[in-house]
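So you know, we letter chains A, B, ... as the sequences are listed, proteins then strands, and number each from 1.
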Amino acid sequence: MSPRRTDSGGRIDRQRSIRFTFDGKPFTGYPGDTLASALLASGVSLFGRSFKYHRPRGVMTAGVDEPNALVTVLKGGVREPNIPATLLEIYDGLTVVSQNHFPSLGFDIGATNQLGGKLLGAGFYYKTFIGPVIGPLKGTRFWMFCEYFIRRAAGLGRAGNEKDTARYERINAFCDVLVVGSGPAGLMAAKTAAESGKRVVFADLEPRLGGSANWSGETIDGMPAADWAEAAVTELRQNANVRLLPRTTVWGYYDGNTLAALERVADHKPNPGKGEPRHRYWTIRAEAVVLATGAFERPLVFPGNDRPGVMLASAAERYAAEFGVLPGRKVVVFTNNDSAYATAAALKKAGAGIAAIVDVRREVSEAAHAAALSVGGEFLAGHAVVATEGGAKLSGIKVQIFDAATGALSGEPRSIEADCLIVSGGWSPVIHLASQAGINPQWDDARQAFLPPQPTQNWVGAGAFNGSFSTEEALAEGHAAACQAAGTVDGLIEALPEVETPALRSHPAPVFEIKAKGKAFVDFQHDVTADDVRLAYREGFVSVEHLKRYTTLGMATDQGKTSNVPGLAIMAEALGKPIPDVGTTRFRPPFSAVSLGSLAAERYGDLKPERLTPMHDWHIEHNATMYPVGLWFRPMIYGDPGETVEQAYVREAKATRETAGIVDVSTLGKIAVQGPDAAEFLDRVYTNVFSTLAIGKARYGLMLREDGLAMDDGTTWRLGQNDFLMTTTTANAGKVMQHLEYLLDVIWPDLKVQLTSVTDQWAGAAIGGPKAREILASCVTGTAVDNEALQFMGIVHGEIAGAPVMICRLSFSGEMAFEVYSGACHGCHVWKALMQAGKPFGLVPYGLEALGTLRIEKGHVTGAEIDGRTTGRDLHLDWMLSKKKPFIGSAMMDREGLMAEDRIKLVGVISLDNRPLNGGAHIVEENNPDEPRNSIGHITAVCYSPALGKYIGLALVKGGKSRHGSRAFVADPLRKRFGPVEIVSHHFFDPEGKRMHG
Amino acid sequence: MVDVLSPLKPVWKPGTHGNTANGIGVVLTETQPGSIVQLAAWQGQEKKLLAAIKAVSALALPDGAGGGKSGDSKAAFGIAPGKFLIVDQNEGLAAIFSGAVTSEVGTVTDLSHGRTALRISGPKAEWVLAKFFAVDFALPAFPVGSGIATLHHDIFAHIQRTGAEQFDLYVFRSFARSFWTMLCHASEEVGYEVS
Amino acid sequence: MLISCPYCGPRDLSEFTYQGDGNRTRPDPASTDQQAWNAYVYDRVNTAGDHHEIWQHSGGCRAHLMVTRNTLTHKVSAVAFARDAGHRKSDRHRMSGGAA
Amino acid sequence: MAEYSALSLLKNAFSGNRDWKPAWRKPDPKPSYDVIIVGGGGHGLSTAYYLAKEHGITNVAVLEKGWLGSGNIGRNTTMIRSNYLLPPNTNFYEHSVKLWENLSHDLNYNVMFSQRGVLNLAHTPGQLDDMARRGNAMRLAGVDSELMNPAQIGRLIPALDLSVGGRFPVVGGMMQRRAGTARHDAVAWGYARGADRRGVDILENCEVTGFLRDGDRVTGVTTTRGEIRARKVAVAVAGSTGRVMQLAGIDKLPIESHVLQAFVSEGIKPFMDTVVTFGAGHLYVTQSDKGGMVFGGDIDGYNTYAQRGNLPVVEEVMSEMVALFPGLARVRLLRSWGGLMDMSMDGSPIITTGPLPGMYLNCGWCYGGFKATPASGWCFAHTIAKDQPHAFNAAFTLDRFHRGILIDEKGQGSTPRLH
Ligand SMILES: Cc1cc2nc3c(=O)[nH]c(=O)nc-3n(C[C@H](O)[C@H](O)[C@H](O)COP(=O)(O)OP(=O)(O)OC[C@H]3O[C@@H](n4cnc5c(N)ncnc54)[C@H](O)[C@@H]3O)c2cc1C
Ligand SMILES: NC(=O)c1ccc[n+]([C@@H]2O[C@H](COP(=O)([O-])OP(=O)(O)OC[C@H]3O[C@@H](n4cnc5c(N)ncnc54)[C@H](O)[C@@H]3O)[C@@H](O)[C@H]2O)c1
Ligand SMILES: Cc1cc2nc3c(=O)[nH]c(=O)nc-3n(C[C@H](O)[C@H](O)[C@H](O)COP(=O)(O)O)c2cc1C
Ligand SMILES: [Zn+2]
């Protein structure tokens, strides 16, 4: 039996024990234990070290508000830092280590930081490390030198580099009523909503639903509260309309009543089930929400208030009642309100001795007084704790007479022996979710607490969340909230349960701090003291938001759940202003920290889907190196063994010019443009005319944006009177589609045109080269492909190996070339048939590199040139800008900036030193290899041209055509390349187009 | 006729998978209809288009957004204002509709190759789909026969409920393999069968 | 955030693409009024409060919607098909005056 | 007011830190000033500072509607760089980096400018070429920039999954070593203190509610703290530009107000020393000196003044984050927030005289204005003092959109959400 464990009671199962390790030391606990309860039960009091001063810290709370007891969980090489021991359910084999110390938790060199305490006050960094004005450490160098060492001290736990092998998932849920929090208020709300037949989601971050009913010791409906809660939960579990979500923290309240929640599905298991995620991220869209998130107890600020052994009263009660763990044998209670008296009684009942009750109030209620007498020990009303004693473990406290009205201490401090000090500084409703939408909460003087703001979304509050701290109120409000949320406002669905409870009031005296000598902590994790708050005040950082940022109060992993209100109360006092004038800092998601993995969810390890063409598997089988283009994959080269990339593409390009090559063009965007106004529509969106295009013909088109700059180009095929097939570049397909849809839907709704993405409907293969026609002729049936039947830009229909195909004679390579389109499911079949037919002719498949080479030789532009900054004229496409009609962009394309002389324009460049060029290299006029300056443009695309036997490129250069025939230099300092180039026309090869016209 | 090649081929693994301790949560299949056709009516011509659908496919679609019907070998549902997806196990439906829908009424677009049809059925079908789509799959919100258009990140999908526990999904063919892989992955938790 | 598509019903933000200020009118295609073109392409109303804006239900029916949404609270108060809103342009001007 | 130094710190420590004075005064507004600056963000404050320091104009007030630094200066991901493609931007931002390099000294306030380097990752050879174009443009303008290969990147950032889940392998990256981060709040406070010490009045909780006009000319403002007159009124309100300019009757601007979210993880021990951006999506990450991973992605993409965003962007950013750093899947998100972006129509800023006589406008920063803080204030001060722009901001005009003289780094045209 462990030293602190009680014989009975609580949610733990004493029949079975669980083994785990903490800092390498073996421990045991019971199912139902958290790491905190199990370690406390084993007599451990030191859990971690604080951030700045490395002070020893124990457990302060029993829940999600824990600032001190943070640990790192190890799973193989995977590390999970900063996990509150109070939320960590133990399981067999759990391995936990403490953090932020060197060399060990017990002895930590970092604790010497405390010696510099006064120096290390708020704002320390801003005032120093500015460094000398001259010398090697001038400017910001000195700071960077210091920063190196300061950074070593950053953070608490350590993250690992190893990939987490756990699974994360997300799920969408819809419901009529979402109930957040399962205490008496939430339970009652869930019961009520369920009974009215609504679809209910019912979430609580704790593993066991019931909230404070699990440990309050009250009687509800004649049974212990915990039993009442269990019965209610059992009933809800059987209702098909109710989804219970234990271990689920609702952490974000977003627009449109969309709430985000994290379910810790398998964290409490040694291993998740097959396919079971560790975390499930819920997005819940609720018609209405009941917020029943309860209240956090606040600590009091006094010297030594951070010593291990000091704990919140409600936490102590939870450990005793819910886990069967006594936080101490000799307990002192320190409070400013009545609620801690019930705690004292509960601890006493569980077997602890109450050494003293210290209350800042001189007068207390009769019930409190009676409770104090019944637990025994000293009763010190009108007193305050002014110090704690002991090392890394509490051994006693000091008290002094205290005047709550003035804050004055008097009399001699007196020591009282104790191994546990429980503290209650009042209660703060958990209004975080309600406040996330940005409305300011309201201060309530009676309760000394911020109450929830006016709803900005459809939610209703209930229970301690509303500042209604009694269980009767919680039940009544839970019921009423559900009636409102479910839309059955008109009344009781069932009788409210009866509650037996001591008549204690949790409204505290307005005392937040005891000013005595010594460090009194406000933010425990970040070591922000009451003096730091006052220093911020003196330096003018008086807005709460300045206070926060200057001192880091409330910025730790607990986000100030315990520290914000005491902190701003101290600032209010310094300012001599009431608390509401000071206000509170802004609440933000998440309510409590959530794993990054859960938010990535199904995309963890699988960031984006892959888009594959019908011929994808064939390419892979034929040694293609695949290249990502957006989400698509396209062959870059089909490398033969031992070939370099350049050798491969040169071979492919050469083969295409000499015999024939074939390339997969299935990724081109394809849009069906259909309807009686389709031709008119195309006239409006393309710079050139399409209404004159004959059926069975295709035309090259250029599209501008509204602002007159080039947007995309491609061919559009007229398949019927009212039926066009538009192609776009692979990269711009989605953008063009949206652009066209916008125009049709918003600007010209009167046009009868239908747009449908048919990119995936068609597989495309472009076959080009001197032998291309012969190859086609040998395998196409149902149509001829000779010059007569299939003129340049003509379209015919036929079959290849039994599959219907549509063939258009158009050329990107500059060769006699054809695009063969077939149904996507036939794509690979047709491709193989073409390869088969081409075999005798030496047909070669080619990839993007060769495609690029062929197009550069021809001077065709693509995305590298149509980069959103160029105009049609910059690319010498002036001839396509129709003067006969307005089109998208026509009104804007002649603006002065787009016509300016010094714009960069398309040219060709040839490497004169026979060395390769690089995309992204610049062009300069001066021969200054060491320090090139004054770019006149840049290279957009490069290749080795087998046709020219030279390294060539396309470039955008100031002056454009006027520089043809002139010499310049390529400047590529990043890749250490400088050399002479000749600027030439971008039409490198067969400028008259003889080859493609055949 | 030429064999139709499924984009799922290399990842198609018939049999049961995942956590089948509590039975098979979902059954996943590819239905490979012969025809998937999109019909769109000009504004004001919707009734005529519905009449054409009835005449050709014998499916009387109910009024209202997303309204649909599914039979043994045919199904149809609304996907956008005036737009419908018609599916038939037989090939050649687009050609038939081209005769039935004049240019005064609307347009016919053949998507038979462009969309891959997947079916998910079983007691956990709603649960698995909820992992992908922010759509309420509960029966009252999504009745049998009706259809929707929705999105999972980059993947666009049309979904028709074809049974109390059965949904047919139409995704772009190029995405089908990725989507299928994700679908299998998401189904592991509940146990699944590929058939 | 949810937007109630008149066809598809309430759908998540992730299904929509923002297409900006809905108070702009495209000049007549043949217009040479450079001011009007500039205003259409570049100038935006940034209302604090109810803002008229265009969204495409790109992850659903792909219709464009004219949405009235409060830029201070993100509350959506009206949604209509943009193509229907087209012939009520004068209405829209009135609404942007703050009446809606 | 006392200089900050290690010595003053020590002295004060001995006197119980009781003698520190407010970092800036809290004066009441005077009836009139030579220059009023609307907006107590980084740009407004630095403008005031440089007006006083460089131009001797000290009868200046900075009007801030909330607490000082409550805007984007207090909520950005703190990245500073001058790795731009287009010359007007490269030159301007490089001027800014140079000012950053000496800023702590200049202000006698440690703004913690840390030149830990900004690394842009490339995932295809084509993308690396695009980066090279930008990096070469920088080098040709005298700005530092280099390419790194995957092995070098792996050594620099061991936590980075160079294969990015196998989907977007890193093929290289562009590094600007002089780039880095600074402590955002300290920048606001340092400039405020510096301006205050030169006589500038910083008026917090003083919201401009209207403009005083004499005909077209702007002659002052009405505020929640009364009317204040001025010979010159300069507006530097970042994401609130649309709203504030409407008060002056300027109903339309080439700007849209969007929200950008940012995120911080719980503090962890040193994990990564540089700033990294992902090239196959939209993500930038750094680690603060406190240990939190500070990161962000794309704007939400709709007009708003609400300073908060929605889940789609959160999910997008997180999935990219763990794709790059799979070891962080178990690290937890601590807090998220949003700031208002004045997205311009070409993604580049506006620093100009006008649009009304007596008025000056500074806006269009998109999500890149923190790095500009020194140069923006410096140029804006010049523009206000001389009634004409400095060469560094001459291109950042308001009429450039209409004239088609665009500075479009991303080539996205007039679709602000894509910049
Ligand atoms: C999440 C996020 C991340 C970012 N990351 C980076 C980054 O990594 N690198 C980078 O360079 N940039 C970044 N930025 C952009 C950068 O923060 C801004 O461009 C820059 O701060 C804007 O200038 P400012 O500091 O003057 O703006 P702000 O600080 O917003 O100042 C404007 C001020 O005007 C005030 N104001 C508004 N209306 C009125 C009125 N009527 N009367 C009086 N005052 C008024 C506001 O309250 C505000 O304080 C980021 C921005 C955000 C939001
Ligand atoms: N003794 C006192 O003075 C005092 C003070 C306050 C409350 N109480 C008692 O507390 C009870 C109040 O009942 P109640 O139901 O309002 O509160 P409760 O504290 O019983 O329940 C609140 C529940 O909400 C959960 N929760 C909080 N935030 C959450 C989130 N974001 N996501 C998921 N779950 C979340 C908590 O885990 C908790 O279980 C009454 O019994 C009352 O007597 C007593
Ligand atoms: C660089 C940077 C680092 C931050 N680090 C933290 C942090 O460690 N803890 C924290 O709570 N907030 C941190 N924040 C967020 C602030 O708390 C706050 O959310 C942000 O400044 C926006 O203000 P608001 O939330 O009050 O609107 C950080 C913000 C920035 C810009
Ligand atoms: Zn829709």
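Contacts of A:Lys52 with chain D are absent, with no heavy-atom separation under 4.5 Å from either backbone or side chain. Residue contact with chain A, scored on non-hydrogen atoms closer than 4.5 Å, is absent for D:Pro87. In this structure, chain A has heavy atoms under 4.5 Å from both the backbone and the side chain of D:Val331. For D:Leu68, the parts lying under 4.5 angstrom from a heavy atom of chain A are both the backbone and the side chain. Contacts between D:Met112 and chain A at a heavy-atom distance below 4.5 Å involve backbone atoms as well as side-chain atoms. At a 4.5 Å heavy-atom cutoff, the contact between D:Glu266 and chain A is made by backbone and side-chain atoms alike.
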Q | Candidate pair A:Arg158 and D:Phe271, rule side chain to side chain contact (heavy atoms under 4.5 Å, CB included), full reasoning | A | CA-CA 8 Å; A:Arg158 190 155 63 78; D:Phe271 184 78; over 6 Å; no
Q: Kindly determine whether A:Arg586 and D:Gln307 satisfy side chain to side chain donor-acceptor pair (under 3.5 Å), including the steps that lead there.
A: CA-CA 11 Å; A:Arg586 187 159 180 173; D:Gln307 282 191 337; 3.0 Å; yes
Q: For side chain to side chain donor-acceptor pair (under 3.5 Å), just list the numbers for D:Asn102 and A:Lys138, CA-CA rounded to whole Å, side-chain angles, deciding distance to a tenth of an Å, and then say yes or no.
A: CA-CA 8 Å; D:Asn102 202 38; A:Lys138 73 177 166 59; over 6 Å; no
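A donor-acceptor pair under 3.5 Å is formed between the side chain of D:Asn110 and the backbone N or O of A:Thr128. Under a 3.5 Å cut-off, the side chain of D:Asn310 and the backbone N or O of A:Asp255 do form a donor-acceptor pair.
Looking at D:Asp289 and A:Arg152, no side-chain N of the basic residue comes within less than 4.0 Å of a carboxylate O on the acidic one, giving no salt bridge. Using a 4.0 Å cut-off between a side-chain N of Lys or Arg and a carboxylate O of Asp or Glu, D:Lys26 and A:Glu539 do not qualify as a salt bridge. Salt-bridge check for A:Glu147 with D:Arg116: passed, with a basic side-chain N closer than 4.0 Å to an acidic carboxylate O.
Aromatic ring centroids of D:Trp337 and A:Phe587 lie 6.0 Å or more apart.
Remark: the D:Arg308 side chain and the A:Gln436 side chain contain no N/O donor-acceptor pair separated by less than 3.5 Å. For the residue pair D:Asn12 / A:Lys127, no side-chain donor-acceptor distance below 3.5 Å is found, with atom types taken as modelled.
Here D:Leu334 contributes atom CG and A:Ser592 contributes atom OG; the two are 10.0 Å apart, rounded to the nearest 0.5 Å. For the atom pair D:Leu311 CG and A:Leu599 CG, the distance stands at 8.5 Å (nearest 0.5 Å). Rounding to the nearest 0.5 Å gives a distance of 8.0 Å between CD1 of A:Ile130 and CD of D:Glu3.
Ring-plane geometry between D:Tyr109 and A:Tyr126 is classed as parallel, the angle between the planes falling under 30 degrees on a 0 to 90 degree scale with a further cut at 60.
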